[in-house]
Amino acid sequence: MVKVIDSHYLAITAIVTVGYQFIFFVITALFKFDQVTDFAGSTNFVILAVLTLVLKGTWHYRQIVLTMLVVVWGLRLGLFLLMRILQWGEDRRFDEMRENIGKLAVWVWTVSLPVTFVNASNGGRLFQPADVIGWTMWVAGFLIEATADQQKLSFKKCPENKGKWCDVGVWKYSRHPNYFGEMLLWWGIYVASLPVLKGVEYLVIIGPLFLTLLLFFVSGIPLLEESADKKYGNLGAYRHYKKTTSPLILLPRGVYGYLPKWCKTVFLFEFPLYSRNLPQETTAWDRRNSKKSQRSID
């Protein structure tokens, strides 16, 4: 075991995160090349997980498993985002943080807290139900996110889909299945960390909570909803898609489309801000009145 500044490795992980992000910030500033920023964000998680595992040196199965889960997620997402950005020039997943290394560093450090605390512990009790539940949540979330990313990539590569919104595969059941998968897998990591937590350590719940709030209200869903509404908001087919497709949790359209508005808002996260840029729908009555007004003017 190596103790670096504090026993929970909070300081060393913060220093490493800021330093790692600063290196990529310098690269971006010098070469005017910000395509690596998202890659730097996702791989930063890998560095923190492996670093804390090695520093503690306990090698408890719970530490090894959670570290490997973060490594697999981080490398998969990092390589995918790098490939997307090199092909298309951008990925809007982290737009709000890309130009601010402070925001990006806070995001990485905070979301990593459950793994950091597990790796800084002695591994906790023997096998617990929380382990199975957490790992299962991670597997489900990982598969959903990876599948959604690949399906959207294939959709956008097809020339005949140019100018269309993606509504194939898992995208038929959620407008943002990749975000649903990402939230689910990080909440799974938190659940799997519960057997080692005690007292104030349970506050590491701010990790997945921070990620959830970020995607709900800052850099995730709001940005993409705004962009899609501005592009397709006047199309009837798109408005129907939005009314009948869940914003996050995967649900059949036949179920979601018939739910009352209050139920969608309270239980399925269909917040009003996701439609604030949607052009107001005109009715036949509005169109008739508009024509009458035009004739009176003429």
Side-chain angles (χ1 to χ4, degrees), residues 9 12-13 16-25 27-28 33-56 59 61-88 90-95 97-98 101 104-119 134-154 157 170 177-190 192-193 207-208 210-211 214-215 219-220:
Y9 301 134
I12 188 62
T13 52
V16 169
T17 298
V18 173
Y20 187 68
Q21 294 306 318
F22 182 74
I23 291 173
F24 281 91
F25 176 77
I27 293 173
T28 298
F33 182 77
D34 73 343
Q35 281 88 340
V36 295
T37 309
D38 296 337
F39 176 80
S42 54
T43 53
N44 203 155
F45 286 95
V46 175
I47 291 174
L48 295 189
V50 173
L51 174 66
T52 52
L53 176 69
V54 173
L55 286 177
K56 184 64 177 181
W59 306 105
Y61 80 88
R62 186 174 287 114
Q63 297 168 327
I64 295 172
V65 170
L66 288 186
T67 297
M68 289 305 302
L69 296 184
V70 173
V71 169
V72 170
W73 171 82
L75 293 181
R76 200 284 311 173
L77 181 60
L79 293 173
F80 173 80
L81 293 179
L82 184 62
M83 179 179 65
R84 261 188 70 158
I85 291 169
L86 292 177
Q87 285 183 353
W88 299 334
E90 67 171 353
D91 186 289
R92 305 198 63 187
R93 204 166 306 208
F94 309 126
D95 275 1
M97 298 180 289
R98 184 177 284 116
I101 62 170
L104 199 57
V106 169
W107 168 62
V108 173
W109 185 85
T110 304
V111 177
S112 294
L113 282 175
V115 178
T116 300
F117 270 68
V118 169
N119 286 348
W135 299 344
T136 302
M137 290 171 65
W138 184 92
V139 171
F142 180 82
L143 291 176
I144 291 170
E145 183 181 34
T147 300
D149 283 342
Q150 191 57 48
Q151 287 176 342
K152 190 168 187 178
L153 182 66
S154 299
K157 277 184 176 180
V170 293
N178 51 341
Y179 292 153
F180 175 60
E182 186 162 340
M183 291 181 195
L184 183 60
L185 70 86
W186 279 106
W187 278 105
I189 287 177
Y190 170 72
S193 73
F210 180 78
L211 173 71
L214 189 71
L215 293 179
S219 71

Ring centroid separation for Trp107 and Phe210, is it under 6.0 angstrom? no
Is the shortest side-chain heavy-atom distance between Leu214 and Tyr179 below 4.5 Å? no
When every non-hydrogen atom of Ser42 is compared with those of Gly78, the smallest separation belongs to OG-CA, 2.9 Å
Closest non-hydrogen atom pair, Ala40 against Thr43: O-OG1, 3.4 Å
Has Thr52 got a side-chain atom pairing as donor or acceptor with Ala49's backbone, closer than 3.5 angstrom? yes
Go through the steps for Trp186 and Val70 under the test side chain to side chain contact (heavy atoms under 4.5 Å, CB included), then give the verdict. CA-CA 9 Å; Trp186 279 106; Val70 173; 4.1 Å; yes
I'd like to know whether CZ of Phe22 has more than 12 heavy-atom contacts from other residues, nucleotides or ligands below 6.0 angstrom. no
Please confirm whether the backbone N or O of Val118 pairs with a side-chain atom of Gln63, one donor and one acceptor, at under 3.5 Å? yes
Using the rule given for side chain to side chain contact (heavy atoms under 4.5 Å, CB included), can you reason through Phe25 versus Tyr20, listing the C-alpha separation, both sets of side-chain angles and the distance that settles it, and then say yes or no? CA-CA 9 Å; Phe25 176 77; Tyr20 187 68; over 6 Å; no
What one should report as the nearest heavy-atom pair of Leu48 and Ser112 is CD1-OG, 3.9 Å
Residue that, paired with Asp149, satisfies side chain to side chain contact (heavy atoms under 4.5 Å, CB included) out of Leu81, Leu77, Ile144: Leu77
Can you confirm whether Trp59 sits close enough to Leu53 that some side-chain heavy atom of one is under 4.5 Å from a side-chain heavy atom of the other? yes
Heavy-atom closest pair, residues Val18 and Ala105: CG2-CB, 4.3 Å
Take Phe80 and Leu153 through the test side chain to side chain contact (heavy atoms under 4.5 Å, CB included) and record every step on the way to the result. CA-CA 10 Å; Phe80 173 80; Leu153 182 66; 4.1 Å; yes
Checking side chain to side chain contact (heavy atoms under 4.5 Å, CB included) for the pair Phe39/Leu79: CA distance, chi angles, key distance, verdict? CA-CA 7 Å; Phe39 176 80; Leu79 293 173; 4.1 Å; yes
Measuring from Leu51:CG to Thr67:OG1, what's the distance to the nearest 0.5 Å? 10.5 Å
To the nearest 0.5 Å, how far apart are CG in Leu184 and CE in Met137? 5.0 Å
Can you tell if the side chain of Leu66 reaches within under 4.5 Å of the side chain of Trp135, non-hydrogen atoms only? yes
Are Glu145 and Trp73 side-chain neighbours, meaning at least one heavy-atom pair lies under 4.5 Å? yes
Are the side chain of Ser154 and the backbone N or O of Gln151 linked by a donor-acceptor pair below 3.5 Å? no
Name the orientation class of the two ring planes belonging to Phe142 and Trp138 (parallel below 30°, tilted from 30 to 60°, perpendicular beyond 60°). parallel
Measure from the side-chain N and O atoms of Glu182 to the backbone N and O of Asn178, and report whether any donor-acceptor pair falls under 3.5 Å. no
Taking the side chain as everything from C-beta on, heavy atoms only, tell me whether Asn119 gets closer than 4.5 Å to Tyr9. no
